[in-house]
Number of protein chains: 4
Amino acid sequence: MSMHPDFQPKPTELVYEAVAQHIAARIETGELKPDEPLPSERRLAHEYGVSLGSARHATRLLRYRGLVVTVRSKGTYVAERPAREEIAHARGPR
Amino acid sequence: MSMHPDFQPKPTELVYEAVAQHIAARIETGELKPDEPLPSERRLAHEYGVSLGSARHATRLLRYRGLVVTVRSKGTYVAERPAREEIAHARGPR
Amino acid sequence: MSMHPDFQPKPTELVYEAVAQHIAARIETGELKPDEPLPSERRLAHEYGVSLGSARHATRLLRYRGLVVTVRSKGTYVAERPAREEIAHARGPR
Amino acid sequence: MSMHPDFQPKPTELVYEAVAQHIAARIETGELKPDEPLPSERRLAHEYGVSLGSARHATRLLRYRGLVVTVRSKGTYVAERPAREEIAHARGPR
DNA sequence: GTGGTCTAGACCACA
DNA sequence: GTGGTCTAGACCACA
């Protein structure tokens, strides 16, 4: 169903949280680079085999966490590294 | 971003409505006078920092409201005062 | 290109008008019945091989002409016969 | 004025013919490759320092001569080689 | 050099 | 998963 073999949410997990963490990992590993666009929300929904609403919830979560920035009518982009680290600190060091 | 310092649409506002109201105010104050041409739609898009489509939507609105008249291939002009007042009355006094 | 073999707009025609008339004919023949939903605008765009904007323009036209009613977030439906006939009369018999 | 140093139409030449021939030469030399888009007509007008109308006249000429194909709302593209040669023959060998 | 039409495709509010 | 809004930018008809 999903195009991402690593993406196997446990039945107990929230689907949008699982998607968000999977995308976050793709950013962390550099597969998705700063200032590059994420796939569109429709495409993410399709790639992960989830509903459009869940894909949106996932990108909203990433936005709140500072990992991505959304430009209306243009797309959602991976945030630049400094912005991402500031946010990570605000939530406390790992 | 925009050349008009007063023009700061809130993210919740419709962009074309905000542009239309800003232009309407410029007509009201006499900055744009009867029978004078508005800036072209391309120029309005640039001045307000919006897409051509939104600028066109804004002038269409002003046309419906009787504030301007459009002549194809020529331009869009501020309507003469009587026409503007008729319309204003039809919608009821403020 | 398009899924509707009858749909062959001439290059001189307005695309959205051609799409609107083709859909109107499908309503007239009973292929699309009162209170039934039209295909979504995205689907219409795909079926007729036009952009989403043109498909939207076509349904807007049908709405103005009273042939369909649109419910936001739900879809666009074929208007009930009485409403359609009122409108047709208002424009005069053919 | 113009960005193309080679482009120096003689005062006796038709401007659009001179532009068309300059673009034809850019295709011939491979600077503009098959299936690649030409600059937009607005951009061509700017690059060659001519009016928008002259730029359009030039691309229309190239279209008649089979050197480019225009896709409405998309752009104008260098024709594939076979198509170009057929046309050249129809006009007689060089 | 204007307004008109059109493409392709993004996110948003809502149900 | 719909219609609504919006971006960016193409060619077209006309004056």
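Convention: sequence-line order gives letters A, B, ...; per-chain numbering from 1. Bear in mind that the values here come from a model prediction, so they are computed numbers and not experimental data.
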What's the closest nucleotide to the [X] side chain, out of [options]?
| X | options | value |
| --- | --- | --- |
| B:Leu14 | F:dT2, F:dC6, E:dT7 | F:dC6 |
| C:Leu52 | F:dA13, F:dC6, E:dA10 | E:dA10 |
| D:Ser73 | E:dC6, F:dG3, E:dG4 | E:dC6 |

Please compare C:Glu41 and D:Gly75 by the position of their nearest nucleotide in DNA chain F and report the one closer to 5'. C:Glu41
Whole-Å gap separating [atom2] ([N]) and [atom1] ([X]):
| X | N | atom1 | atom2 | answer |
| --- | --- | --- | --- | --- |
| D:His46 | E:dG1 | NE2 | P | 12 Å |
| B:Tyr48 | F:dT7 | OH | P | 14 Å |
| C:Arg72 | F:dG4 | CZ | C1' | 5 Å |
| A:Tyr77 | E:dG9 | OH | P | 14 Å |
| D:Leu38 | F:dC11 | CG | C1' | 13 Å |
| A:Arg60 | E:dC14 | CZ | P | 12 Å |
| B:His57 | F:dA8 | NE2 | P | 17 Å |
| C:Arg43 | F:dT2 | CZ | P | 10 Å |

If we only count heavy atoms from C-beta on, is the [X] to [Y] side-chain gap below 4.5 Å?
| X | Y | answer |
| --- | --- | --- |
| C:Thr59 | C:Leu44 | yes |
| B:His46 | B:Arg42 | no |
| A:Tyr48 | A:Ile23 | yes |
| A:Glu47 | A:His22 | no |

[X] vs [N]: side-chain N/O to OP1/OP2 distance below 4.0 Å:
| X | N | value |
| --- | --- | --- |
| A:Thr76 | E:dC11 | yes |
| A:Lys74 | E:dC11 | no |
| A:Ser40 | E:dA10 | yes |
| B:Tyr16 | F:dT5 | yes |

Using purine N1 to pyrimidine N3 plus N6-O4 or O6-N4 for Watson-Crick, or N1-O2 and O6-N3 for G-U wobble, each under 3.5 Å, what pairs with F:dC14? E:dG1
Going by an N to O cut-off under 4.0 Å, is there a salt bridge joining B:Arg26 and B:Glu36?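 Between B:Glu36 and B:Arg26 there is no salt bridge, as every charged N stays at least 4.0 Å from the carboxylate O atoms.
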On a plain distance test, is the side chain of A:Arg56 in donor-acceptor contact with the base of F:dG1 below 3.5 Å? yes
Ignoring hydrogens and angles, are the base of F:dG3 and the side chain of C:Arg42 linked by a donor-acceptor pair under 3.5 Å? yes
